[in-house]
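Below is one structure, written out as structure tokens; the observations come after it.
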2 protein chains.
Amino acid sequence: MSQSLEETSLSKVKRGPNRASYDKDLAFSIIDAALMCHVGQTKQGQVFVTPTSHWREGDYFYWHAHSKARNVKGPIDEPEKVCINVSLLDGLVLARSAMHHSVNYRSVTLFGVPELIDDKDEKVRQFKLFLDKVSPGRWDTLRPVNDQEIKATGVVRIKIDEASVKFRAEPPIDDPADNNWPVWAGVVPLKREWGTIEQDPIQTAHYSEPKAPDAF
Amino acid sequence: MSQSLEETSLSKVKRGPNRASYDKDLAFSIIDAALMCHVGQTKQGQVFVTPTSHWREGDYFYWHAHSKARNVKGPIDEPEKVCINVSLLDGLVLARSAMHHSVNYRSVTLFGVPELIDDKDEKVRQFKLFLDKVSPGRWDTLRPVNDQEIKATGVVRIKIDEASVKFRAEPPIDDPADNNWPVWAGVVPLKREWGTIEQDPIQTAHYSEPKAPDAF
């Protein structure tokens, strides 16, 4: 049975609680299905939202950036509980009234004080986990990382506990009196797929094609 | 010639300034190409990031929510400059070293103190503009909005001026010494498209199929 996330004053879903879940495995599956997240933090009271890539190992949510970048260094220099959202748009929900139009989506919101990963070997292990998500099997084929690169890359993590899931995956729900309103109603699903690979124009040799990820 | 956005201490891009732009038309095109944005705000010092749908009219960026929802009412009750990010992931950039892996993307970051749209007629006009983005021509086919719905829906906007664009749209850029490293390098583009429409199961009549948007 899946464990539950912590439903705190921050993570408790206030709007549309019927679409909320605190199931940890569900949160993990959404985090793993997405390549990008949005990190929210403050600097001297001003909020900043930064898009970035993330990965997960067990109960921990990781991201990286230049070691001096705001979304890695900021919350370490001025410790604060950041807010991270991971969202995947799954479709348009077209109802009979404007009011009941919606989207189908999967979303996780996480809160936590970031922890900096300092240990060199651990950083490299995390780089590999990240690459394994982006293109499985690719790590061992790459030019190995060097000390300067390890130093220049900041890796932080938060524990996935104070968090919540929101999702919608169903047809429109109109006011019953509108159900016979003469307009098409239903869902227009959003499809994502990886397109034809575009080899670097400066590369003339032929190598095995890369594996694309299951995440988008 | 396109106007320029305001390059302030908030909106100036500090990391990767070579990928930054302050071209207003470019910002508009990215805002219009995306259905979803992430609104960052604070409540009693704690940052929150909320995904939502947005639309644009001229120089203004609009979003809506339940009139009591945090991302509409919060910045009105406690006025603050919110930060909004709109991002579209366009592809994976696979380099010869882990360090130079990246993504191709289009991203706009906006700052502004939200302004509440109170006038009833103006709110309805904005609802129509939003619907026109989501499914062109649909508005006039819907059951008209009523007073209760107008009241329950909060609409806010910020002016698109203190903002910046970041984007990447090119092959990997490796350290020159790595250019002959024997691994495939290039871009894996991400494709988005609208799938087969799924009519509401409770609807048995046949109506014209909806128009899908150009935004994703």
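By convention in this document, chain letters (A, B, ...) are assigned in the order of the sequence lines, proteins followed by strands, and residues within each chain are numbered from 1. All values reported here derive from a predicted model rather than from experimental measurement.
Neither the backbone nor the side chain of A:N146 has a heavy atom closer than 4.5 Å to any heavy atom of chain B. Using a 4.5 Å cut-off between heavy atoms, A:I84 makes no contact with chain B at all. Interface remark: B:D174 contributes no atoms to any contact with chain A (heavy atom separation under 4.5 Å). With a 4.5 angstrom heavy-atom cutoff, A:Q199 touches chain B via backbone and side-chain atoms both. Heavy atoms closer than 4.5 Å to chain B are found in both the backbone and the side chain of A:F216. Proximity to chain B involves both the backbone and the side chain of A:K68, based on heavy atoms less than 4.5 angstrom apart. Of the atoms belonging to A:T204, not a single heavy atom falls under 4.5 Å from chain B. Proximity to chain B involves both the backbone and the side chain of A:S97, based on heavy atoms less than 4.5 angstrom apart. Residue contact with chain A, scored on non-hydrogen atoms closer than 4.5 Å, is absent for B:V93.
The greatest number of non-hydrogen atom pairs below 4.5 Å with chain A, out of B:P172, B:P182, B:G91, B:P201, is found for B:P182.
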Checking A:L94 against A:V188 for the side chain to side chain contact (heavy atoms under 4.5 Å, CB included) test, could you report, in this order, the C-alpha distance in whole Å, the side-chain angles of both residues, the deciding distance, and whether it holds?
CA-CA 8 Å; A:L94 303 182; A:V188 185; 3.8 Å; yes
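Residues A:W194 and A:P213 approach most closely at NE1-O, 3.0 Å, considering heavy atoms.
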